[in-house]
Amino acid sequence: MTSLTCKFLPDPKTIAVVGCPFSGGQPKVGVDKGPIHLVEAGLLTQLKELGWNVQFDGHHQFEEISTADDPPIGKLKNPRFVSRVTKAVAQVVGDHAKKGQLPLTLGGDHSLAMGTISGTLDTYPDACVVWVDAHADINTADSTDSGNIHGMPVSFLMGLGSKIPEFGWVKSALRPDRIVYIGLRDVDAGEKRILKENDIKAFSMHEVDKYGIGKVVEMALDHVNPKRDRPIHLSFDVDALDPSVAPSTGTPVRGGLTFREGHYICEAIYETGLLVALDLMEVNPSLADEESVKQTVTVGCSLVRSALGETLL
Ligand SMILES: NC(=[NH2+])NCCC[C@H](N)C(=O)O
Ligand SMILES: [Mn+2]
Ligand SMILES: [Mn+2]
């Protein structure tokens, strides 16, 4: 058994698995089945084998807070449902973090990160976020074309754009200099402007090609965590990986991270000993054939293991 290094967590080191079968932040059915497939693939046992105490309260049921009457607010789709679900997730993640546990949130679509990161920052105001994704997910209510809220959680967390009363519970707790992106390659024109205006650090696939993943992760951490003393929230959208590696996801974009580049990021974050929360989002087992689903779920489990202490040697 390995000895787990996580400076902010008391012994026994405990993971609280937060299963979030939720798809309201985007239009494709099936992403709500992601967490069920990840757990059924044996993820909880795999984490126990790494030496973690694993607590799983079952998948959260959000049906009771869904609402039949949820017309768009401006362009935003399912705004009330997304707000209620992410608010509940913020509470659960925050409660686990305050108990000294490491919340592992299994999505579900990436709008859930509005909740997970709120819960983290509520517990660790000094935390920084490493966001691994093909997309920046920083559209505002004004800049979005699609109206899909999974493309907007970062702007909501920063308090950018027009205020939507329904999301009034979200504090503007995320500072632009406390997030760094890795893997971007499909960023909307409005998002590019928002990233520039707010001076947000991003390492796109161009930088991954240019410097290599080792250097990129080092530069990313130098930016958000120069003294390596802040807690880290890692939010991993599986579509950061190339579609040849993780095909079953709602918005695949070619030219993504290789299998090893994705795992390297997770390993390097674990090695800091500063990880306090982890999201794995956007696994959609209803898209693609059976073999591709299995491949995507398997790679999702192994990314999580890498971020939680699995080493190659
Ligand atoms: N979490 C994701 N997969 N996000 C994709 C977002 C795509 C696009 N930028 C949008 O705002 O609709
Ligand atoms: Mn994405
Ligand atoms: Mn995303």
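Ligands are counted one by one from 1 in listed order, and the atoms in each one are counted from 1 as well. Nothing here was measured: the structure is a model prediction, and the numbers come from that model.
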J.: Taking 4.0 Å as the limit for heavy-atom contacts, which would you say applies to Asp137 with ligand 1: side chain only, backbone only, both, or neither?
T.: side chain

J.: Looking only at side-chain N and O atoms, does Ser248 offer a donor or acceptor that is under 3.5 Å from a partner on Asn284?
T.: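 No.
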
J.: Take the angle between the ring planes of His59 and Phe56 and call it parallel below 30°, perpendicular above 60°, tilted in between.
T.: perpendicular

J.: Just need the protein heavy atom nearest to atom 3 (N) of ligand 1, so name the residue and atom and give the distance.
T.: Thr251 OG1, 2.9 Å

J.: Are a donor atom and an acceptor atom from the side chains of Glu207 and Ser204 found within less than 3.5 Å of each other?
T.: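 Present: a donor and an acceptor within the cut-off.
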
J.: Among protein heavy atoms, which sits nearest to atom 9 (N) of ligand 1, and what does the distance come to when rounded to 0.1 Å?
T.: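 Ranking protein heavy atoms by distance from atom 9 (N) of ligand 1, first comes Asp188 OD2, 2.9 Å.
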
J.: Taking non-hydrogen atoms only, is His135 closer than 4.0 angstrom to ligand 1 via side chain, backbone, both or neither?
T.: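 The part of His135 near ligand 1 is the side chain, not the backbone.
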
J.: Quick one: does ligand 1 sit under 4.0 Å from the side chain of Met281, the backbone, both or neither, non-hydrogen atoms only?
T.: neither

J.: Is Gln26 near ligand 1, meaning one of its heavy atoms is under 4.0 Å from it?
T.: no

J.: Cut-off 3.5 Å, side chains only: do Ser235 and Asp279 have a donor facing an acceptor?
T.: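 Their side chains do contain a donor-acceptor pair, which is all the 3.5 Å distance test asks for.
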
J.: Numbering the atoms of ligand 1 from 1, which are under 4.0 Å from a heavy atom of Gly151?
T.: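 Going through ligand 1 atom by atom, the ones under 4.0 Å from Gly151 are 6 (C), 11 (O).
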
J.: Considering only N, O or S atoms, which atom of His135 is nearest to the Mn ion (ligand 2)?
T.: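 Of all N, O or S atoms in His135, the Mn ion (ligand 2) lies closest to ND1.
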
J.: Among protein heavy atoms, which lies nearest atom 11 (O) of ligand 1, and at what distance?
T.: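 The answer is Asn139 ND2, 3.0 Å.
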
J.: Examine distances only and state if a side-chain atom of Arg185 and a backbone atom of Ala240 form a donor-acceptor pair shorter than 3.5 Å.
T.: yes

J.: Tell me which N, O or S atom from Asp237 is the closest to the Mn ion (ligand 2).
T.: OD2

J.: Can we say Asp177 and Lys201 salt-bridge, meaning some charged N sits less than 4.0 Å from an Asp/Glu carboxylate O?
T.: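 No, no charged N to carboxylate O under 4.0 Å.
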
J.: Parallel, tilted or perpendicular: which one describes the rings of His110 and Trp131, with boundaries at 30° and 60°?
T.: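 Plane angle under 30°, so parallel.
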
J.: Of all the atoms in ligand 1, which lie at a distance below 4.0 Å from a heavy atom belonging to Glu191?
T.: 9 (N)

J.: Where the Mn ion (ligand 3) is the corner point, what angle links ND1 of His110 with OD2 of Asp137, to 10°?
T.: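 That angle works out to 90° after rounding to 10°.
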
J.: Going by the order shown, which atoms of ligand 1 are within less than 4.0 Å of some heavy atom of Ser146?
T.: 10 (C), 11 (O), 12 (O)

J.: Which single N/O/S atom of Asp133 lies at minimum distance from the Mn ion (ligand 3)?
T.: OD2

J.: Glu282 heavy atoms, cut-off 4.0 Å: which ligand 1 atoms fall inside?
T.: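 Counting atoms of ligand 1 from 1, those under 4.0 Å from Glu282 are 1 (N), 2 (C), 3 (N).
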
J.: Judging by distance only, is a nitrogen or oxygen of Asn148 under 3.5 angstrom from one on ligand 1?
T.: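 Checking ligand 1 against Asn148, no N or O pair falls under 3.5 Å apart.
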
J.: Heavy atoms only, cut-off 4.0 Å: how does Asp237 contact ligand 1, side chain, backbone, both, or neither?
T.: side chain

J.: Do Phe203 and His206 have their ring centres less than 6.0 Å from each other?
T.: no

J.: Any donor and acceptor pair, going by atom type alone, linking the side chain of Ser83 with main-chain N or O of Glu166 inside 3.5 Å?
T.: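 Yes, the answer is positive, given that a donor and an acceptor are paired below the 3.5 Å cut-off.
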
J.: Are side-chain N/O atoms of Thr258 and His263 paired as donor and acceptor at under 3.5 Å?
T.: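 Not at all, the side chains of Thr258 and His263 share no donor-acceptor pair under 3.5 Å.
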
J.: So which bit of Asp239 gets within less than 4.0 Å of ligand 1, heavy atoms only: side chain, backbone, both or neither?
T.: side chain

J.: Could you check whether Asp126 pairs with Arg178 (Lys NZ or Arg NE/NH1/NH2 to Asp/Glu carboxylate O, under 4.0 Å)?
T.: yes

